[in-house]
Structures are given as structure tokens and as C-alpha cells.
Asks: 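Input: one structure, supplied below.
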Amino acid sequence: MKIRFISIYILALFILTALYSCSDKTDNLTDSLQKKSPVMQTTDVSVSVFAAGLNNPRGLKFGPDGYLYVAEGGLGGLNSTSGLCDQVIPPIGPYTGDYTSSISKISPAGDITTVVDNLPSDQTSAETGGLVSGVADVAFVGNTLYALLAAGGCSHGFENDPNGILKVNDDGTWELIADLSDWSLNHPVANPEEDDFEPDGTWYSMLNVRGNLYAVEPNHGEIVKVTTNGNISRVIDVSASQGHIVPTALAYHGNFYFGNLNTFPIVPGSSKIFKVTPSGQIQERESGLTTVVGLVFDNRDRMYALEMSTAPGDPTPGTGRIVRIQPSGQQETIVDTLFFPTGMTMGPDGALYVSNKGFGPPVPGFGEILKVTVN
């Protein structure tokens with residue numbers, strides 16, 4: 001999850017990795033961590049592993065074919081653009097990268113197939129644990145798949161591959177339809193955080209509303225509209241009214257709604273959900289949440305917020321949650337003990353599907369998708 005303001009979580013990651021570093025076999029590490037998946041059953045909610053073996057899974061959506069499409073951040077890489085352009089300042093930067101990100105689709109039976117691979121994937125400096133990002137989210141317009149790239153741009157190790165929205169063709173090839181690195185450079189927000197700034201942005205969530213794509217950028221703090229012809233316009237500069245609150249999760253339910261991660265160290269209950277009208281008017285809708293990274297609505301107007309980590313201080317594995325919010329505003333935790341979840345969608349079956357273990361120990365195939373059935 002490459003958002004510079006999560007860097008304080010590195011200490012927790014180093015501790016976590018060290019706990020298992022005495023093992024001589026990577027399989028032992030993987031097996032030990034896999035056992036910590038929140039597979040649980042209650043009278044109201046059941047959770048099971050829908051698919052495993054993914055690399056830093058992020059945003060996910062169901063396609064018109066009934067398959068679940070998942071953005072995988074990949075495994076990073078070591079190619080550098082230092083000396084060619086402005087770099088992200090230490091300790092997070094400079095970034096390095098390679099073409100290890102991908103998009104996978106998962107059948108109703110849980111079988112995984114690669115849709116497109118060899119997409120840009122980057123990682124932060126070794127000093128900060130080599131945190132990985134790549135494709136951040138996916139969305140469909142009709143039968144066409146689009147991807148939101150967060151690892152692109154010269155400041156992330158890719159001189160010729162900017163951040164942007166990609167159109168994925170049926171044969172697995174792709175083309176850039178909107179250059180979001182260029183947009184970020186030429187359309188600065190009102191109140192960027194100078195000590196926590198990513199020149200190419202760290203785009204996170206994307207969705208389709210009436211044939212147009214909408215994407216949220218957390219580091220600068222904005223939501224943009226992108227047509228399938230590649231025209232970009234700003235819906236709202238969140239930083240102008242809210243400052244550096246780190247908007248992440250984006251949903252649409254008559255109006256736009258977004259949740260925010262907030263800065264670190266984590267203060268439980270300090271994140272919120274905001275309503276944004278299509279004309280860009282913003283209003284606080286819910287409060288008392290923590291590190292929101294996913295947001296969906298069900299057909300009963302109930303909102304589900306995915307929280308990445310809820311312990312105070314550094315991000316802590318096993319403290320992620322799903323909170324159900326009634327139209328009245330009443331909040332209820334329906335799933336807990338998630339391990340750094342990063343994305344959530346609702347399936348045609350009414351179940352929630354969650355990217356779990358979306359970042360963390362550098363173990364290939366560590367990520368998984370959980371199915372949360374709400375009875």
C-alpha cells in the first residue's frame with residue numbers, strides 16, 4: 001500500500017517479519033501467517049477464504065462475466081530513475097520498481113487466472129521495508145475493463161510509464177487513456193502536505209458511475225472524473241476544505257461517499273466518511289471510524305466500512321475490521337481480526353469480498369480474498 005503517510009507502520013512490519021526470521025523455510029512463514037486468516041462463523045456473519053496466493057491484492061470488482069477481478073500490487077523491483085527526475089524524499093524514497101503487477105480474475109469456484117501482467121510495480125526504500133504498490137483498483141464500463149495505476153511515474157521508478165487509467169483489451173494488452181501523473185503535475189491541490197508529498201500521486205480507488213470513471217488520490221487529496229475518452233476533470237479538491245486527511249475509499253449511492261485513512265500515528269475513531277455531491281459539495285456523514293480503506297452499500301442502504309488497522313499508534317496486523325453502519329448512523333463491527341485489508345466490494349450474491357493481507361511481510365503469494373456472508 002504505497003501511501004507515504006503509512007511509513008510509521010514500518011516498525012510493526014519489521015517486528016512482524018523478525019518474529020518469523022528464525023525459520024529456514026519460507027513455507028513455514030507462509031503457513032504460519034495463513035493460519036491467522038479470520039475464518040469465523042457467527043449467527044449473523046460467516047467468513048471464509050475465497051482465494052489465496054495473490055501478491056498484495058488491492059481494489060476488486062465483479063465483472064459482467066460473474067468473475068471477480070482483483071488488482072494485484074505485485075512484488076516491486078529494483079529499477080531506479082534516480083538522477084533522471086525529482087524523487088520522493090527519504091526515508092520513503094527513492095522508489096525502485098519493475099513490471100511485476102497484474103490483474104487476476106477469480107471464478108465462482110475460487111480458481112485464479114491472470115488477465116494482464118507485466119504492469120508497473122514499485123517499492124519504497126529498503127530502509128522502510130520495500131512497501132509495494134502497482135495496480136490500485138479496477139472497474140468495468142460495459143464489458144471493458146479499466147485499471148487504476150498507482151506505481152507509475154518517474155518518481156516511482158518508471159520514466160516512461162506514468163500513473164493513470166489503463167484500458168485493458170480482450171487479448172491482455174492495454175493502453176493508457178488518462179495520464180494522471182501529468183494531471184497531478186499541472187493541477188495542484190490547494191493544500192498539499194509539503195513534508196509528505198508524492199509528485200506522481202498515490203491513486204487508490206476507482207469506480208464507474210454512468211459510464212464515467214471516478215478516482216480518488218489520497219496523498220494530494222482529490223477526486224477526479226475521467227471519461228473513457230481520457231478527459232480528466234476535478235470533482236473536488238478535498239484538501240481545500242479538509243486539509244491532509246488522506247481520502248482513500250470511494251463509493252457511490254446517489255451521491256459520492258469517501259472514507260479517509262488519516263495520518264499516523266493512528267488515533268482510533270479519528271477517521272470519517274464524507275458525502276460529496278456530483279457538483280463537489282462536501283458534508284461529513286459519519287465519524288468515529290479508523291483508517292478507512294474500503295466502502296460499499298447494500299440494497300438496504302446500509303454502509304460497510306473497511307478499516308485497515310484499529311489499534312492506537314503503529315498499524316498492527318490482525319486489527320482490521322468491517323463496520324456496518326445503519327441509515328440511522330448506528331455502527332456495528334461485524335468482522336474483526338483482519339490482517340491489513342486493502343479493498344472491499346459487494347458481490348452479486350450479496351456477500352462482501354475483501355482483499356486481506358494486502359500488504360505486509362515480503363512473501364510472494366501472501367495475499368488472499370475473503371468472502372463475508374451476511375445472513
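We count residues from 1, following the sequence as given.
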Asks: Can you confirm whether more than 12 heavy atoms, excluding those of D117, are under 6.0 Å from its CG atom?
Replies: yes
Asks: Using the benzene-type ring in the case of Trp, are the ring centres of F297 and Y257 under 6.0 Å apart?
Replies: yes
Asks: With distance as the sole test, does E368 use its side chain to make a donor-acceptor pair with the main-chain N or O of S355 at under 3.5 Å?
Replies: no
Asks: Donor-acceptor pair, D137 side chain versus M206 backbone, under 3.5 Å?
Replies: yes
Asks: When the ring planes of H220 and F197 are compared, do they come out parallel, tilted or perpendicular, using 30° and 60° as the limits?
Replies: parallel
Asks: For R234, is there an ion pair with E222 - N to carboxylate O distance below 4.0 angstrom?
Replies: yes
Asks: Tell me whether the centres of the aromatic rings in Y214 and F256 are closer together than 6.0 Å.
Replies: yes
Asks: Check D349 with K371, please: is the shortest side-chain N to carboxylate O separation under 4.0 Å?
Replies: yes
Asks: Give a yes or no answer on whether the side chain of N55 reaches the backbone of G365 with a donor-acceptor pair at less than 3.5 Å.
Replies: yes
Asks: Mind checking ring-ring contact (aromatic ring centres under 6.0 Å, His included) for F140 and listing every partner two or more places apart, or none if nothing turns up?
Replies: Y69
Asks: Between the side chains of D98 and T100, is a donor N or O closer than 3.5 angstrom to an acceptor N or O?
Replies: no
Asks: Ring centres under 6.0 Å, that's the criterion: do F50 and Y353 meet it?
Replies: yes
Asks: To check you understand the geometry: which heavy-atom pair defines the closest contact between R285 and K275, and what is its length?
Replies: CB-N, 4.2 Å
Asks: Quick one: do F158 and Y99 satisfy ring-ring contact (aromatic ring centres under 6.0 Å, His included)? Show the steps, please.
Replies: CA-CA 10 Å; F158 295 92; Y99 295 92; 5.2 Å; yes
Asks: Donor-acceptor pair, D336 side chain versus R321 backbone, under 3.5 Å?
Replies: no
Asks: By the definition side chain to side chain contact (heavy atoms under 4.5 Å, CB included), identify the one residue from N255, V235, I282 that meets it with T277.
Replies: N255
Asks: Using 0.5 Å steps for rounding, measure from the CG atom of L119 to the CG atom of D161.
Replies: 9.0 Å
